[in-house]
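Note that the numbering runs from 1 along the sequence shown for the chain.
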Amino acid sequence: MKHSYSSVDKSRLLRDVIRSLLLHRVWFFIGIQDVKRRYRRSFIGPLWILINLGLYVGAIGFVYGIMFGQDLKAFLPYLMLGFVAWGLISASVVDAGMVFVSAEGYIKQFSYPKQIYILRALVSNAMNFVMGLAAVALVQLFLGTFEFAGWVLAIPGLLLLYIALLGHTTIFAYLGTAFRDLPHALAGVLQVVFYLTPIVVPASVLKSHGLEFIYLVNPIYHLIEVVRHPILTASLAPLSTYGFVFGYILIVYCIAWYVASRLDKKVVFLL
């Protein structure tokens, strides 16, 4: 009987996932409303993303570029892409813990499958990411390093990145609902991971000091690199990087399915 109940439960979860994908108008609309709400009554709205990114990267890029002897024309876009991708990835981990909690009113009033609120979070985070990429393109145009072919070649990497982030958001949306301290703990862990990922410090600098193992086993580095490498070099990232990302996505989705199948029916009672 236990096995039969579990099978029925997983079948219902699969139907909810499919139904959520079909309700794209709902989660896309709610996600856009989240962005509008965030910048309501703001004079320049989402342009604050560009301003904050420009100020931060400009200051950090100048200091670290000189410190590491980097060519600023190459280093600034490298740094900006790292920060933009990192912001999206960290949001899929830390902010994901509040996905169901912040949607408590919706969940208790409407019969929509809960997975639409996971997709809603991706839409909201995507707006910041798109603005960040626009800033990178503008900087490349200004520096004369813009390559349209590189941006086209980055599309497969962007798709892989979002597939991975959907898995991240699913895992931590459920776990964050069950364990409310988890987002705070993950924020601390990610501060350490940030400095172990070639974002501020170029990978070439780490490699020259024999520290390439730090980033070669770091999945976040590979998720960033499948987007950053094509944009900067107008060529695909190494096949080993794509292979690592594919393997990582498989592991993440296995974990996501296990966590969701265990906690999906309990979410309403945990809110």
Student: To the nearest 0.5 Å, what is the distance between OH (Tyr112) and CG (Asp16)?
Tutor: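 Separation between the atoms: 14.0 Å.
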
Student: Should the heavy atoms of other residues, nucleotides or ligands under 6.0 Å from CG of Leu239 be counted, would the total exceed 12?
Tutor: no

Student: Checking Phe100 now: which residues fulfil ring pair (Phe, Tyr, Trp, His ring centres under 6.0 Å) with it, not counting sequence neighbours?
Tutor: Tyr174

Student: Answer whether the closest heavy-atom distance between the side chains of Val200 and Phe83 falls below 4.5 Å.
Tutor: yes

Student: Suppose the criterion is salt bridge (charged side-chain N to carboxylate O under 4.0 Å, His left out): which pairs have a residue in residues 113-125, not counting sequence neighbours?
Tutor: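 Matches after skipping sequence neighbours: Asp34-Arg120, Lys114-Asp264.
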
Student: So, for His222 and Phe246, is the gap between ring centers shorter than 6.0 Å?
Tutor: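 Not close enough - the centres of the two rings lie 6.0 Å or further apart.
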
Student: With sequence neighbours excluded, what pairs up with Trp257 under the side chain to side chain donor-acceptor pair (under 3.5 Å) test?
Tutor: none

Student: Would a 4.5 Å heavy-atom cut-off, applied to side chains only, mark Trp86 and Phe194 as touching?
Tutor: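 Yes, side chains in contact.
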
Student: Would you indicate whether the side-chain heavy atoms of Leu81 and Leu133 approach each other to under 4.5 Å?
Tutor: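 Yes, their side chains come closer than 4.5 Å.
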
Student: Is it the case that more than 12 heavy atoms not belonging to Phe146 sit under 6.0 Å from its CZ atom?
Tutor: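 Yes, because the 6.0 Å sphere around CZ of Phe146 holds more than 12 heavy atoms from other groups.
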
Student: Rounded to the nearest 0.5 Å, what separates atom CZ in Phe244 from atom OH in Tyr221?
Tutor: 11.0 Å

Student: Within the structure provided, determine whether Leu232 and Pro77 are in side-chain contact (heavy-atom separation under 4.5 Å).
Tutor: yes

Student: Once you round to the nearest 0.5 Å, how far does CD1 of Ile116 lie from CD1 of Ile30?
Tutor: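 Interatomic distance, Ile116 CD1 to Ile30 CD1, rounded to 0.5 Å: 4.5 Å.
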
Student: Hey, does Leu122 have a side-chain heavy atom less than 4.5 Å from the side chain of Trp27?
Tutor: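 Trp27 vs Leu122: side chains apart.
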
Student: When rounded to the nearest 0.5 angstrom, what is the spacing between CG in Leu196 and CG in Asn218?
Tutor: 7.0 Å

Student: Classify the ring geometry of Tyr78 against Phe75: parallel below 30°, tilted from 30° to 60°, perpendicular beyond 60°.
Tutor: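 Plane angle under 30°, so parallel.
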
Student: Any heavy-atom pair between the side chains of Val259 and Thr170 that's under 4.5 Å?
Tutor: no

Student: About how many Å separate NE2 of His168 and OH of Tyr253, when rounded to the nearest 0.5 Å?
Tutor: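 One gets 9.5 Å once the value is rounded to the nearest 0.5 Å.
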
Student: If hydrophobic clusters are built from ILVMFWY residues whose side chains come within less than 4.5 Å, do Leu22 and Phe28 share one?
Tutor: yes

Student: Applying side chain to side chain donor-acceptor pair (under 3.5 Å), name anything that partners His229, two or more places apart in sequence or on another chain.
Tutor: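 For His229 the side chain to side chain donor-acceptor pair (under 3.5 Å) partners, ignoring immediate neighbours, are Thr233.
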
Student: Not counting sequence neighbours, which residues clear salt bridge (Lys or Arg N to Asp or Glu O under 4.0 Å) with Glu212? List them please.
Tutor: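 Counting only residues at least two positions away or on another chain, Glu212 forms no salt bridge (Lys or Arg N to Asp or Glu O under 4.0 Å).
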
Student: Enumerate the salt bridge (charged side-chain N to carboxylate O under 4.0 Å, His left out) contacts for residues 216-234, please, sequence neighbours excluded, ordered by first and then second residue.
Tutor: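 Every salt bridge (charged side-chain N to carboxylate O under 4.0 Å, His left out) pair that includes a residue of residues 216-234, provided the two are not neighbours, is Glu225-Arg228.
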
